[in-house]
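Take a look at the structure set out below.
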Amino acid sequence: MMSLDAVKLGKDILAALNGSLTEKWPDVKDYGEAEAKKLAQTLVMIGTLKASGKINKEQAELHLEMQKNATRMVLMTIEGLGVLSAEAAINSALSAVKDNVNQEIGFTLL
């Protein structure tokens, strides 16, 4: 039974993005909200597929990496936000939800 909640995950991810990108937040906010939602939906999808036996750890990691790459590219379109800042923000966002997600899917994804 999956208990990952996309709305809660999205809010936690968004809060971490905000905390990581405080100085740029006015420019990042709209993108951040959309990307937090996409990351959360990806994590829930991975959890659902794993629970139903449709993906393994490697496939789950690939799904996550594709979404992280997409999020990184979106964040990097913001003027003055470089790859290191984007990467740090994504890592912070995923770190905020890692315990819940890893426990739910049954292996260390984040």
Side-chain angles (χ1 to χ4, degrees):
M1 175 77 182
M2 289 299 303
S3 65
L4 289 177
D5 177 344
V7 174
K8 181 179 181 337
L9 285 174
K11 287 179 180 175
D12 292 345
I13 289 169
L14 184 63
L17 285 175
N18 185 348
S20 186
L21 299 170
T22 306
E23 289 180 21
K24 289 273 180 199
W25 194 245
D27 299 328
V28 175
K29 185 178 185 292
D30 291 341
Y31 296 106
E33 289 173 351
E35 293 308 307
K37 194 177 290 186
K38 290 177 196 169
L39 280 167
Q41 289 168 341
T42 297
L43 293 171
V44 171
M45 178 195 73
I46 289 169
T48 302
L49 291 172
K50 174 67 175 73
S52 63
K54 293 183 177 164
I55 62 172
N56 61 28
K57 185 174 193 283
E58 291 74 25
Q59 292 164 320
E61 290 170 345
L62 183 59
H63 277 290
L64 177 62
E65 198 54 43
M66 290 187 314
Q67 186 57 56
K68 283 172 59 178
N69 286 340
T71 298
R72 188 179 304 112
M73 296 308 291
V74 167
L75 292 177
M76 287 174 54
T77 65
I78 296 156
E79 189 174 341
L81 188 65
V83 66
L84 294 179
S85 296
E87 192 66 31
I90 293 166
N91 289 341
S92 172
L94 294 175
S95 180
V97 298
K98 75 176 187 177
D99 291 344
N100 183 15
V101 171
N102 289 342
Q103 180 178 358
E104 189 60 44
I105 63 174
F107 58 79
T108 301
L109 178 66
L110 306 178

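Residue numbers run from 1 in the order of the sequence given. If you're wondering where the values come from, they're calculated on a predicted model, not measured in any experiment.
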Evaluate whether atom CE of M66 has more than 12 neighbouring non-hydrogen atoms of other residues, nucleotides or ligands under 6.0 angstrom away.
yes
Only one of L109, V101, L110 passes side chain to side chain contact (heavy atoms under 4.5 Å, CB included) with L94, and that residue is L110
Quick one: list whatever passes side chain to side chain donor-acceptor pair (under 3.5 Å) with E61, sequence neighbours left out.
K57
Counting distance only, does the side-chain N/O of S20 pair as donor-acceptor with the main-chain N or O of L17 below 3.5 Å?
no
Atom pairs and distances, donor-acceptor, side-chain atoms in residues 32-39, under 3.5 Å, two or more places apart:
from: E33; atom 1: OE2; to: K29; atom 2: NZ; distance (Å): 2.7
from: E35; atom 1: OE1; to: T71; atom 2: OG1; distance (Å): 2.9
from: E35; atom 1: OE2; to: K38; atom 2: NZ; distance (Å): 3.1

Pairing residues for K24 by the salt bridge (charged side-chain N to carboxylate O under 4.0 Å, His left out) criterion, not counting sequence neighbours
none
According to the side chain to side chain donor-acceptor pair (under 3.5 Å) rule, which pairs have a member within residues 6-19, sequence neighbours left out?
K8-D12
Using the test side chain to side chain donor-acceptor pair (under 3.5 Å), find all partners of Q41 that sit at least two apart in sequence or belong to another chain.
none
Is there a path of hydrophobic side-chain contacts, each under 4.5 Å between heavy atoms, that joins W25 and L81?
yes
Could you tell me whether the side chain of L49 reaches within less than 4.5 Å of the side chain of Q59, counting heavy atoms only?
no
Quick one: which of H63, E104, Q67 gives a side chain to side chain contact (heavy atoms under 4.5 Å, CB included) with I46?
H63
Can you name the side chain to side chain donor-acceptor pair (under 3.5 Å) partners of D27, sequence neighbours left out?
none
